[in-house]
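A, B, ... follow the sequence lines: proteins, then strands. Residue 1 opens every chain. Note that this is a predicted model, so its numbers are computed, not measured.
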Number of protein chains: 2
Amino acid sequence: MTGYGQFCPIAKTMEVLDERWTILVIRELLAGSHHFNDLRRGVPKMSPTLLSKRLRGLVRIGLVMRIGDGTRSRYELTPAGRELAPIVMALGNWGVRWMTQLGEEDLDPHLLMWDVHRNIDLATVPDGRTVLEFHFSDVGAHTSNWWVVINGQHEVDLCDFDPGYEVVVTATSTLRTMVLIWRGDLSWRAALNNGSLTLEGSSHVRNALPHWLKLSPFAASPRVLPQADAAR
Amino acid sequence: MTGYGQFCPIAKTMEVLDERWTILVIRELLAGSHHFNDLRRGVPKMSPTLLSKRLRGLVRIGLVMRIGDGTRSRYELTPAGRELAPIVMALGNWGVRWMTQLGEEDLDPHLLMWDVHRNIDLATVPDGRTVLEFHFSDVGAHTSNWWVVINGQHEVDLCDFDPGYEVVVTATSTLRTMVLIWRGDLSWRAALNNGSLTLEGSSHVRNALPHWLKLSPFAASPRVLPQADAAR
DNA sequence: CAGTATCCATTTCGATACTG
DNA sequence: CAGTATCGAAATGGATACTG
């Protein structure tokens, strides 16, 4: 049996939403991913078979529309799907308060950099090309160096190889430290003060960087403890 | 692997909440059930083994406290668990709007009557003993007749056998009709008007009954269509 | 009352490779 | 790019009976 056998609206909702990965796929659609391989980058540990299956299920029950778009296809939330936005946000706000233990296996550098690169505040970055470098001191060679290439006011690319352009600032930290900063568990200031993060670049750029990166949507949401600059 | 391998707060939350039955157990705790067998009545199709396992899991991650209470034990939500209340309500409000298809297997008379009996508005029921009878015209003999015995201002019992007291009102309908009324999908008025519900009793009591039964917490929440008195 | 024990059918999912 | 095919390991959980 797959359902709960209850007429309760909460039960009927969870029949749909408690399937593994489903909420994360909806999160990605809410975040603005519309194509299969974009969605995959937001759920990198989900197999393409399963993503495909979940998308078909969501279409069947009316939360997602699949739109043929030339040779590609495009996925859009329906009104029913879009009405999940406040619930998904509430789940994140709750998680940031109560599910604070991050195992090593949760620290995925690909996901972190994917998130960072799509949340550059283009309005505050200078015109022309700006290249940021991130170095994680504690992970394997092929995931330890990243470059974020910001072109003018509109385009941001992510590279895991040196694109060869001049770098204006290099941030060096453990992967965990940068994850904590991204999540809003640790402030830029505290990380710089205790030495867990170092920035190389002109003082102007070092001061500007925290404005260029917008951090997680939940970074500013209220925590249980007033203002712990939690390290772990 | 049981987690998602993501530091995203939504993912960390769903690692906990997307396990089958978990949200329904939390719903029951929020609804005021605190003992094992009370919880079971709210999730009648869950095996006791699994309920026990889920409760242990919820205790382990800090959403529930188990309190030895003499020979019994008592389950209470922690502050973290209680903060799920608005999310659980939002899931129900969403479900009532978008997950409106009820299969025959969702129409559980035990759950319906359990819900009805614990939502009697004691403030509006007269003093002394008041007995209500429900008859479902389309279900097997052992689940078709129910008596709700209200004693004074404080106690409500549910019987699936005739307790022998004088009945002040008998409601007769299909099981589906009463479920729809309970959910707020169909109004008392519309059900009476179209004959899908009949009430036997004095006109005073027939008029009072809709005030005695409080209906689902989601009965009054906004629907997608302005005011359809949906029948199916 | 408040669970536990056992057992097995079913489902689920991850890994990997492949296709139009 | 956008998926599908296949397969086997693992987990899930439903049914039933039993216990202090």
5′-ward residue of the pair Leu50(B)/Arg74(A) relative to DNA chain D: Arg74(A)
Look at Arg72(A) and dC1(D) and indicate whether a side-chain polar atom (N or O) is within less than 4.0 Å of OP1 or OP2. no
According to ring-ring contact (aromatic ring centres under 6.0 Å, His included), who are the partners of Trp212(B), at least two apart in sequence or on a separate chain? none
What residues form a side chain to side chain contact (heavy atoms under 4.5 Å, CB included) with Val16(B), not counting sequence neighbours? Met99(A), Ile61(B), Leu63(B)
State whether Arg20(A) places a side-chain N or O below 4.0 Å from either non-bridging phosphate oxygen (OP1 or OP2) of dT11(C). no
Round to a whole Å and report the spacing from NZ of Lys53(A) to P of dT12(C). 6 Å
Starting at NE2 of His35(A) and ending at C1' of dA2(D), how long is that distance when rounded to a whole Å? 11 Å
Does the salt bridge (charged side-chain N to carboxylate O under 4.0 Å, His left out) test come out yes or no for Arg176(A) and Glu104(A), once each step is laid out? CA-CA 8 Å; Arg176(A) 182 178 288 272; Glu104(A) 295 305 309; 2.7 Å; yes
Contacts under 3.5 Å, N or O only, protein and nucleotides 17-20 of chain C:
none

For Arg56(A) and dG3(D), is the shortest distance between a side-chain N/O and OP1 or OP2 below 4.0 Å? no
Here the distance between atom P of dG3(C) and atom NE2 of His34(B), to the nearest Å, is 15 Å
For residues 164-173 of chain A, please give each side-chain donor-acceptor pair under 3.5 Å, one per line with the distance, not counting sequence neighbours.
none

Specify the separation, in whole Å, of atom CD of Glu19(B) and atom C1' of dC13(C). 15 Å
Can you pull out every side-chain hydrogen bond (donor to acceptor under 3.5 Å, both in side chains) where at least one residue sits in residues 64-76 of chain A? Sequence neighbours excluded, please. Arg74(A)-Glu76(A)
side-chain N/O Ser73(B) vs dG3(C) OP1/OP2, d < 4.0 Å: yes
For Leu51(B) and dA2(C), give me the distance from atom CG to atom P, rounded to whole Å. 11 Å
Compare the minimum distances between each of dT4(D), dG14(C), dG3(C) and the side chain of Trp21(A), then state the nucleotide with the smallest one. dG14(C)
Please tell me which of the listed nucleotides, dG3(D), dT4(D), dG14(D), lies nearest to the side chain of Arg66(A)? dG3(D)
Encoded 5' to 3' (Watson-Crick or G-U under 3.5 Å; [ ] crossing; | other strand), DNA chain C becomes ||||||||||||||||||||
Could you list the residues that satisfy ring-ring contact (aromatic ring centres under 6.0 Å, His included) with His110(B), not counting sequence neighbours? Trp146(B)
Looking at dG3(C), I'd like to know if its phosphate oxygens (OP1 or OP2) sit under 4.0 Å from a side-chain N or O belonging to Tyr75(B). yes
Take the protein atom CZ of Arg40(B) and the nucleotide atom P of dG14(D), then report the distance between them rounded to whole Å. 13 Å
What's the spacing between Lys12(B) NZ and Leu102(A) CG if we round to 0.5 Å? 6.0 Å
Pair listing, ring pair (Phe, Tyr, Trp, His ring centres under 6.0 Å) test, anchored in residues 33-61 of chain A, at least two apart: none
For residues Glu133(B) and Asn145(B), is any side-chain donor paired with an opposing acceptor at under 3.5 Å? yes
Rounded distance in Å - CE (Met46(A)) to P (dG14(C)): 8 Å
Show every salt bridge (Lys or Arg N to Asp or Glu O under 4.0 Å) that has at least one partner inside residues 136-159 of chain A, sequence neighbours left out. none
Roughly, in whole Å, what's the span from CG in Asp18(A) to P in dC13(C)? 10 Å
